[in-house]
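Letters A, B, ... are given to chains in the order of the sequence lines, protein chains preceding strands, and every chain is numbered from 1.
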Protein chains: 2
Amino acid sequence: MDRRIQKTKDAITEAFVGLMAEKDFEQITINEIADRANVNRGTVYLHYVDKYDLLDQCIETHLNQLFQSCSPAEDTTGFSSKTSLLHTFEYLEQNAFFYSTMLKNKGIPAFRNRLMAMALHGLREQIDMSGINQNMNQEVLVQFLASAVVGVLEWWITHSMPYPATDMVEQFKLLLERFQIVRKELV
Amino acid sequence: MDRRIQKTKDAITEAFVGLMAEKDFEQITINEIADRANVNRGTVYLHYVDKYDLLDQCIETHLNQLFQSCSPAEDTTGFSSKTSLLHTFEYLEQNAFFYSTMLKNKGIPAFRNRLMAMALHGLREQIDMSGINQNMNQEVLVQFLASAVVGVLEWWITHSMPYPATDMVEQFKLLLERFQIVRKELV
DNA sequence: TCGGATTCGTTGATTATTCAACAAAATCAG
DNA sequence: CTGATTTTGTTGAATAATCAACGAATCCGA
């Protein structure tokens, strides 16, 4: 990819997220985004259909990154769930502004829903209904856990990460072990 | 000016100054600058002849800005020397990284010399040889004062601005008043 | 509701930047 | 000193971004 494209997209994204932190989505204009990104307004349209598309693409890009952070490229080295969890928290830490802004902005319930969907998907893949879970209703259990996971992440991010990522990983591990979720990637 | 030009120059300048803070000027390559600036190497050559020209232009640009910070556009509002001094210190504060890097880098004595030249010029313009200065040798006096001014600025910048700009302005004013330098712009 | 202002979406010509490649010069290591 | 590697300076074709402008749509205030 030509580096100009990436530079332009990065600038637009950063400007957009900055504005999202300051005002409602509906009040943001393409003009403002372009000015803050220091690109021509027409350039925004070269990359995005409209600001709704921009929002969608921003969400998509970040959720892909989040997903990648949970799935180490090298699965041959035997990464434990704890290591990938740490990757995830570190990724969230580095992109805290985006996630915090998205979760705080009342105009975007879809974002939180997408996080929930990711958590549900991950949990469904790795929930083990034997042992202590064998008398549970699976759907109830995964809804319970997904809500808890997303809720804690949301709290951690929107409260400016009150504890280090390493601490969060330890706590998560302890909590998830209670439900026999230990080895595979969660989100 | 097309905004692309400014964006490119800003990126190159920032990358260059960052590298200057990490290594000797002679060890810096155009490749490194381009990579860090995230521009094509050829683009560096579109704007600068070589890295020596880049250095010259960086110095020139910043010294022009420094000069402008001492010369308020609106002279009709009766700015006092103290106000323009404050502008100067605020400017230096905002560009501390550049000035600190240049002053610390042993490969660039020219930079400090340029500062001295500016101080000498300003002082020669406004030194008042009557009164307490009447028995002094003018050249000795301006060399003395210029060295003192540049030395203090250098210390303040390279020691991460230990005192607020406002304090520095007060001190400068007190010091310069001892030499009957009060009203006009200094640097 | 109406008129003015603002924003949006688009177009076309121009321009700055990109990329790949080449040869020359400089640097580095044995 | 010599050969390999790196850096420099340059070239040309392609591409992304710029700018100005236009008409349509939307918003805002009287």
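With sequence neighbours left out, A:Y91 forms a side chain to side chain donor-acceptor pair (under 3.5 Å) with A:Q65, A:Y99. Here A:Q171 pairs with nothing under the side chain to side chain donor-acceptor pair (under 3.5 Å) rule; sequence neighbours left out. Remark: B:R114 pairs with B:E60 by the salt bridge (Lys or Arg N to Asp or Glu O under 4.0 Å) rule, at least two apart or across chains. Not counting sequence neighbours, the partners of B:E170 by the salt bridge (Lys or Arg N to Asp or Glu O under 4.0 Å) test are B:K82. Remark: A:N40 engages A:T43 in a side chain to side chain contact (heavy atoms under 4.5 Å, CB included) (not counting sequence neighbours). In this view, A:E26 and A:K51, A:Y52 satisfy the side chain to side chain contact (heavy atoms under 4.5 Å, CB included) rule, not counting sequence neighbours. For A:T29, the side chain to side chain contact (heavy atoms under 4.5 Å, CB included) partners two or more places apart in sequence, or in a different chain, are A:N31, A:E32.
For A:R3, a side-chain nitrogen or oxygen approaches OP1 or OP2 of C:dC19 to under 4.0 Å. Phosphate proximity of D:dA16 to A:T43: absent, as no side-chain N or O sits under 4.0 Å from OP1 or OP2. Phosphate proximity of C:dT17 to B:H47: present, with a side-chain N or O under 4.0 Å from OP1 or OP2. Contact check, A:K7 against C:dT18: a side-chain N or O comes under 4.0 Å of OP1 or OP2.
Residue-level contact check: A:K9 touches neither bases nor backbone, having no heavy atom under 4.0 Å from any strand. When heavy atoms are screened at a 4.0 angstrom cut-off, A:K51 is found touching no nucleic acid atom at all.
Residues A:L123 and A:L141 fail the side-chain proximity criterion, which asks for heavy atoms closer than 4.5 Å. For the pair A:H47 and A:I5, the minimum side-chain heavy-atom distance is below 4.5 Å. For the pair B:T8/B:V44, no side-chain contact is recorded, criterion being any heavy-atom separation below 4.5 Å from C-beta on. In this structure, B:K9 and B:Y48 have side chains that are in contact, with non-hydrogen atoms separated by less than 4.5 Å. Put simply, the side chain of A:V152 does not reach to within 4.5 Å of the side chain of A:L175, judged on heavy atoms.
Donor-acceptor pairing under 3.5 Å, judged by distance alone, is absent between the side chain of A:R4 and the base of D:dA17.
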Short heteroatom pairs, N/O only, protein and nucleotides 23-28 of chain C, under 3.5 Å:
none

Mind listing the N/O atom pairs, protein and nucleotides 20-24 of chain D, below 3.5 Å?
none

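Residue pairs meeting the side-chain hydrogen bond (donor to acceptor under 3.5 Å, both in side chains) criterion with at least one member in residues 136-159 of chain B, sequence neighbours excluded: B:R112-B:E154, B:R124-B:E139, B:E139-B:Q143.
In the helix from C:dT1-D:dA30 to C:dG30-D:dC1, the terminal helix axes, each the rotation mapping four pairs' C1' atoms onto the next four within five end pairs, subtend 60°, rounded to 10°.
In this structure, B:M1 places its CE atom 16 Å from C1' of C:dT17, rounding to the nearest Å. Distance B:I12 CD1 to C:dT17 P: 8 Å, rounded to the nearest Å. Counting to the nearest Å, the C1' atom of C:dC8 and the OH atom of A:Y48 are 18 Å from each other. At whole-Å resolution of the value, CG in A:D2 and P in C:dA16 are 17 Å apart.
Residues A:V49 and B:Q6 each lie close to DNA chain C; by heavy-atom proximity, the contact nearer the 5' end of the strand is made by A:V49. Comparing B:L46 and A:Y45 by the nucleotide of DNA chain C that holds the closest heavy atom to each, the one mapping nearer the 5' end is A:Y45.
For the segment residues 15-34 of chain A, residues with any heavy atom less than 4.0 angstrom from an atom of DNA chain C are, sorted by number, A:T29, A:I30, A:N31.
Side-chain polar atoms of B:Q6 and B:D10 form a donor-acceptor pair below 3.5 angstrom.
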